[in-house]
Number of protein chains: 2
Amino acid sequence: MKQRKLYNRINLLRQERKLSRKELAEKIGVNFQTVGYLEREEYNPSLDLAFRISECFGLPIELIFSTKPQPPLSEELMRWRNKEE
Amino acid sequence: MKQRKLYNRINLLRQERKLSRKELAEKIGVNFQTVGYLEREEYNPSLDLAFRISECFGLPIELIFSTKPQPPLSEELMRWRNKEE
DNA sequence: AGAAAATGTTATATATATATAATATGAAAC
DNA sequence: GTTTCATATTATATATATATAACATTTTCT
C-alpha cells in the first residue's frame, strides 16, 4: 500500500509546552531524532506512536494528525467559537 | 521502540455493515489478508491505514482502536446514556 | 452432497518506521 | 570566544507493516 503523506502539529504542540525534542522523545519513548523526522513530516508514525503522542499531549489523534494540511490552531479555534454563535 | 499491542473493533464494525473482508479491503486499499491480520490483532496498522479505516466507517480512530482491550460497544453506549441521566 | 465464497493460517518478500551514529549549524550562556 | 544545547541532516541497520501466494477449514447456496 502506498502510504499517503500525513500532516501534524507536533512542533507547535511541543513548543507550546516548552519541551525540547529530547524531552518529548523521552516522554513518548522514542529516539530524539525520530521526533525530528516526524516534525519534518518525513514519515508517518505507527498507530501506537500516534497514541503515545496523543496521550502525552492529552489531545485526540485527529487534532494532532490529519490527512490534509493543517490550518493554524487559531483558525480552528475561531471556527468553533463561531459555531455556537 | 517496542510497539504495544493495540486492540480494535474492525471485525464488529465490518459485520455490522455486512462487508466481507475482501470488500472492506478494497474500500481501504489493502490486501484482503491484511484485514485478517488486523482483525486478529496480529499487528497494528500504520497511522495512514488507521485513518482510512476511520474514514471508511465514519468513526473517530479512538472509537475503533485503543491501547486497552475494548469493552462491547453496547456497554459503551450504556455508559453514555447514563451520563446524561 | 457438492460448488462457491469467506475465513484462518503460515511463509516469504517488500515497503516503511524507528534507532543509532555522525556531523553541521545556530542560539544562548557564561 | 568557546562551551553547551537544540536543531538539521544524512547514512545505515533493525523492526514492523503490508502484499502475495498457498492451502485448510468453515459457511453458504443450490
Side-chain angles (χ1 to χ4, degrees), chain A residues 1-57 59-70, chain B residues 1-57 59-70 72-73:
Chain A
M1 182 188 63
K2 176 117 194 298
Q3 306 273 338
R4 292 175 297 184
K5 172 185 171 50
L6 300 181
Y7 304 87
N8 71 70
R9 290 177 168 134
I10 297 176
N11 185 276
L12 174 76
L13 294 170
R14 176 172 66 77
Q15 306 220 40
E16 275 189 347
R17 284 153 177 82
K18 305 214 191 315
L19 296 172
S20 70
R21 285 190 181 166
K22 191 124 84 95
E23 290 167 324
L24 175 58
E26 278 160 15
K27 294 185 71 167
I28 59 184
V30 296
N31 193 282
F32 84 101
Q33 319 257 36
T34 299
V35 175
Y37 278 106
L38 294 177
E39 290 190 355
R40 278 174 266 129
E41 294 170 342
E42 292 192 26
Y43 54 58
N44 304 330
S46 62
L47 182 55
D48 180 27
L49 182 47
F51 265 115
R52 291 180 200 217
I53 295 168
S54 160
E55 289 159 7
C56 174
F57 289 135
L59 298 172
I61 288 180
E62 282 86 354
L63 189 55
I64 307 176
F65 300 94
S66 73
T67 58
K68 308 251 161 62
Q70 311 240 42
Chain B
M1 183 188 63
K2 176 117 193 297
Q3 306 272 339
R4 293 175 295 185
K5 173 186 172 48
L6 300 182
Y7 303 87
N8 71 70
R9 288 176 169 135
I10 297 177
N11 185 276
L12 175 75
L13 295 169
R14 178 173 63 80
Q15 305 222 38
E16 276 189 346
R17 283 150 176 85
K18 306 216 191 315
L19 297 171
S20 71
R21 285 188 181 167
K22 190 124 85 93
E23 291 167 324
L24 175 57
E26 277 160 15
K27 294 185 72 167
I28 60 184
V30 297
N31 193 282
F32 83 100
Q33 319 256 36
T34 298
V35 175
Y37 279 105
L38 293 177
E39 290 190 355
R40 278 175 264 129
E41 295 171 339
E42 291 192 27
Y43 54 58
N44 304 330
S46 63
L47 182 55
D48 180 27
L49 181 49
F51 265 115
R52 291 179 199 219
I53 295 169
S54 161
E55 288 158 8
C56 174
F57 289 135
L59 298 172
I61 288 181
E62 283 86 352
L63 190 55
I64 307 177
F65 300 94
S66 72
T67 57
K68 307 251 161 63
Q70 312 240 42
L73 265 184

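Just the heavy atoms: all of them, side chains too, but no hydrogens, waters or symmetry mates, feed the values below. Numbers restart at 1 for each chain; the letters A, B, ... are given by sequence-line order, proteins then strands.
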Minimum heavy-atom distance between B:Leu6 and B:Asn44, given as atom pair plus value: N-OD1, 3.3 Å
Whole angstrom is fine here: how far is it from [atom1] in [X] over to [atom2] in [N]?
{"X": "A:Lys22", "N": "D:dT7", "atom1": "NZ", "atom2": "P", "value": "11 Å"}
{"X": "A:Leu24", "N": "D:dC5", "atom1": "CG", "atom2": "P", "value": "19 Å"}
{"X": "A:Glu26", "N": "C:dT18", "atom1": "CD", "atom2": "P", "value": "18 Å"}
{"X": "B:Arg14", "N": "C:dA5", "atom1": "CZ", "atom2": "C1'", "value": "13 Å"}
{"X": "A:Asn8", "N": "C:dA17", "atom1": "CG", "atom2": "C1'", "value": "14 Å"}
{"X": "B:Leu19", "N": "C:dA6", "atom1": "CG", "atom2": "C1'", "value": "13 Å"}

Show the atom names and distances, to 0.1 Å, of all donor-acceptor pairs under 3.5 Å that link a side chain in residues 22-34 of chain B to residues at least two apart or in another chain.
from: B:Glu23; atom 1: OE1; to: B:Ser20; atom 2: N; distance (Å): 2.8
from: B:Glu23; atom 1: OE1; to: B:Ser20; atom 2: OG; distance (Å): 3.4
from: B:Asn31; atom 1: OD1; to: B:Gln33; atom 2: N; distance (Å): 3.0

Check: [Y] and [X] side chains under 4.5 Å, non-hydrogen atoms:
{"X": "B:Met1", "Y": "A:Asp48", "answer": "yes"}
{"X": "A:Phe65", "Y": "A:Glu62", "answer": "no"}
{"X": "B:Glu16", "Y": "B:Phe57", "answer": "no"}
{"X": "A:Leu13", "Y": "A:Ile53", "answer": "no"}

Contact nearer the 5' end of DNA chain D, comparing A:Glu39 with B:Lys2: A:Glu39
Position toward the 5' end of DNA chain C (nearest nucleotide), A:Gln3 or B:Gln15: B:Gln15
Toward the 5' end of DNA chain C, by each residue's nearest nucleotide, B:Met1 or B:Asn11: B:Asn11
Check against side chain to side chain contact (heavy atoms under 4.5 Å, CB included), B:Leu63 and B:Arg9: CA-CA 8 Å; B:Leu63 190 55; B:Arg9 288 176 169 135; 3.7 Å; yes
Ion pair check, B:Arg4 and A:Glu55, cut-off under 4.0 Å: yes
Residues within residues 41-51 of chain A bordering DNA chain D, heavy-atom distance below 4.0 Å: none
Verdict with supporting geometry, A:Ile61 and A:Phe51, side chain to side chain contact (heavy atoms under 4.5 Å, CB included): CA-CA 7 Å; A:Ile61 288 180; A:Phe51 265 115; 4.0 Å; yes
Close approaches to DNA chain C from residues 27-38 of chain B, in residue order (heavy atom, under 4.0 Å): B:Phe32, B:Gln33, B:Tyr37
Which nucleotide in C:dT9, D:dT9, C:dT18 has an atom nearest any side-chain atom of A:Arg40: D:dT9
side-chain N/O B:Arg4 vs D:dT16 OP1/OP2, d < 4.0 Å: no
